[in-house]
Amino acid sequence: MKELRRDLAAATRMLVDVGILGYSGHLSSRAADGRLLIQPVNEARAQLRPDHLLLVTMDGDVADGNGQPPSELPIHTEIYRARPDVGAVAHFHHDPTTVFTVIEGHPVVPVKNHASRWFSGVPVHPDPSHIATAGQGRELAATLGDRNAALLRAHGEVVVAEDVRTLFADVVHFVENATLLARALALGPVKPLSQAECACFAATFRRDHHARKLWTYYTAVAAADGRLPAEWWSDQDRDQDRDQAGNA
């Protein structure tokens, strides 16, 4: 649990650093006994610490920690209920990506190789309001279905993954792909990756190793700039991360 808290706090800070999280948005992770970890509603994302995180039940009760969970906690709880394969959830508001919910005829399609993960489609949830009730959360989970990301109309994004470190990599790549797609559309007709091209990439892609590579890079940059406390990682942790990334 200690490492999970550290990774969730670090991922949150790093997504602030790269301009994806701001004054709102939140990450969560499954924890033991069917509960989840998530930040308190009023805690600054850029200064989030492992001990700030709340341990919350799927019914929204705080089992450990000080403060209240975000009002959009049902995004997380209802996706976890519907998707036992999901271990971590991100909800954020990235305007260059959200723009695809307010134009017609231009869905988010893969134009970068790592976006092959979303070849099956990125649905747009029609409810632009805050997802603040269990019923709204269930509706969003239904829109997401078995896909790995969804857009919320005029609102933001949801990305899901197996664990926190892989989620961090997915969020970075999801935004990269949407940004490149928007630039490409400004130049002319877009030629997205085909199913065959996505399958070719997936056949050689080592997802877990790639996630470690991104994690090692971004944590090293953030630590060097003083945005991640050095004491969060022991020398053994850093050596292990570096060795794993070297095999990616």
Side-chain angles (χ1 to χ4, degrees), residues 1-18 20-21 25-39 45 48-58 64-65 69-70 73 75-92 114-118 120 141 144 146-150 157-177 202 205-220 222-223 228 232-234 236-248:
M1 181 72 80
K2 180 180 178 181
E3 290 183 358
L4 182 58
R5 285 178 173 272
R6 177 201 64 193
D7 283 1
L8 195 57
T12 299
R13 288 192 180 204
M14 292 189 295
L15 288 178
V16 172
D17 291 344
V18 297
I20 295 175
L21 280 179
H26 21 79
L27 309 184
S28 70
S29 176
R30 286 190 193 268
D33 303 324
R35 296 176 292 186
L36 63 95
L37 285 171
I38 196 166
Q39 72 170 78
R45 286 129 187 93
L48 189 66
R49 299 199 314 264
D51 58 302
H52 288 154
L53 293 166
L54 304 175
L55 185 64
V56 181
T57 71
M58 290 295 173
D64 183 56
L73 178 66
I75 289 177
H76 304 263
T77 56
E78 297 308 317
I79 288 176
Y80 288 132
R81 289 185 199 274
R83 292 281 300 275
D85 60 308
V86 169
V89 175
H91 171 51
F92 52 99
H114 290 112
S116 296
R117 177 164 173 79
W118 303 288
S120 61
L144 178 67
D146 62 357
R147 270 84 53 108
N148 298 307
E157 298 75 37
V158 167
V159 175
V160 301
E162 308 92 298
D163 54 55
V164 172
R165 295 188 178 193
T166 309
L167 178 70
F168 174 80
D170 280 354
V171 170
V172 169
H173 287 317
F174 189 75
V175 165
E176 287 176 343
N177 183 75
F205 181 50
R206 296 191 297 169
R207 178 171 165 77
D208 56 340
H209 289 272
H210 181 73
R212 292 172 193 157
K213 180 179 180 179
L214 262 71
W215 187 261
T216 300
Y217 169 76
Y218 280 100
T219 54
L228 281 185
W232 285 12
W233 275 271
S234 67
Q236 182 178 0
D237 291 332
R238 293 191 181 282
D239 289 343
Q240 182 178 359
D241 286 345
R242 192 179 301 112
D243 289 344
Q244 290 174 339
N247 295 322

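Under the 3.5 Å distance criterion, with hydrogens and angles disregarded, no donor-acceptor pair is assigned to the side chains of His76 and His91.
For the ring pair (Phe, Tyr, Trp, His ring centres under 6.0 Å) test, no residue two or more places apart in sequence or in another chain qualifies with Tyr217. Partners of Val175 by side chain to side chain contact (heavy atoms under 4.5 Å, CB included), not counting sequence neighbours, listed by chain and number: Ile20, Phe92, His94, Thr97, Thr179.
In this structure, CD in Glu162 is found 11.5 Å from OG in Ser29, a value given to the nearest 0.5 Å. Rounding to the nearest 0.5 Å gives a distance of 10.0 Å between CZ of Arg206 and NZ of Lys213. To the nearest 0.5 Å, the span separating CD1 on Ile79 from CZ on Arg81 amounts to 12.5 Å. Residue Thr12 holds its OG1 atom at 11.0 Å from CG of Asp17, rounded to the nearest 0.5 Å. A distance of 13.5 Å separates CG in Asn177 from CZ in Arg117, rounded to the nearest 0.5 Å. Distance check, rounded to the nearest 0.5 Å: OG of Ser28 to CD1 of Ile75 gives 9.5 Å.
Between Leu37 and Leu54, the closest side-chain pair of non-hydrogen atoms is not below 4.5 Å. Side-chain contact between Arg207 and Asp170 is present, with at least one heavy-atom pair separated by less than 4.5 Å. Contact annotation: the side chain of Val89 never approaches that of Arg83 to less than 4.5 Å [non-hydrogen atoms, C-beta and beyond]. Trp232 places none of its side-chain heavy atoms less than 4.5 Å from the side chain of Asp7. For the pair Leu27/Leu15, a side-chain contact is recorded, criterion being any heavy-atom separation below 4.5 Å from C-beta on. At least one side-chain heavy atom of Arg45 sits less than 4.5 Å from a side-chain heavy atom of Gln39.
Nearest approach of Arg5 to Asp64, heavy atoms of both residues: NH2-OD2, 3.4 Å. Contact detail for Glu157 and Phe174: the closest heavy-atom pair is CG-CE2, 4.0 Å. For the pair Tyr80 and Ala88, the tightest heavy-atom approach, listed with the atom from each and the gap, is OH-CA, 3.4 Å. Pairing each heavy atom of Ala11 with each of Val164, the nearest pair is CB-CG1, 3.9 Å. What you find for Ala211 and Ala169 is that their closest heavy atoms are CA-CB, 4.1 Å. A pairwise comparison of heavy atoms in Trp118 and Asn148 identifies NE1-O, 3.6 Å as the closest pair.
Here the options are Leu73, Thr57, Leu55, Leu8, the test is side chain to side chain contact (heavy atoms under 4.5 Å, CB included), and the partner is Leu36; only Leu73 passes.
Taking the six-membered ring where the residue is Trp, Phe168 and Trp215 present perpendicular rings, their angle passing 60° and hence far from 30°.
Taking the charged nitrogens against the carboxylate oxygens, Arg165 and Asp163 have no contact shorter than 4.0 Å, which rules out a salt bridge. Salt-bridge check for Lys2 with Asp51: failed, with every basic side-chain N at 4.0 Å or more from each acidic carboxylate O.
Looking at Arg13, its side chain never comes within 3.5 Å of a backbone N or O of Leu228 through a donor-acceptor pair. Between the side chain of Arg30 and the backbone N or O of Arg35 there is no donor-acceptor pair closer than 3.5 Å.
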With side-chain contact (heavy atoms from CB on, under 4.5 Å) as the criterion, how do His26 and Leu21 come out once you've worked through the C-alpha distance, each side chain's angles and the decisive distance to 0.1 Å? CA-CA 8 Å; His26 21 79; Leu21 280 179; over 6 Å; no

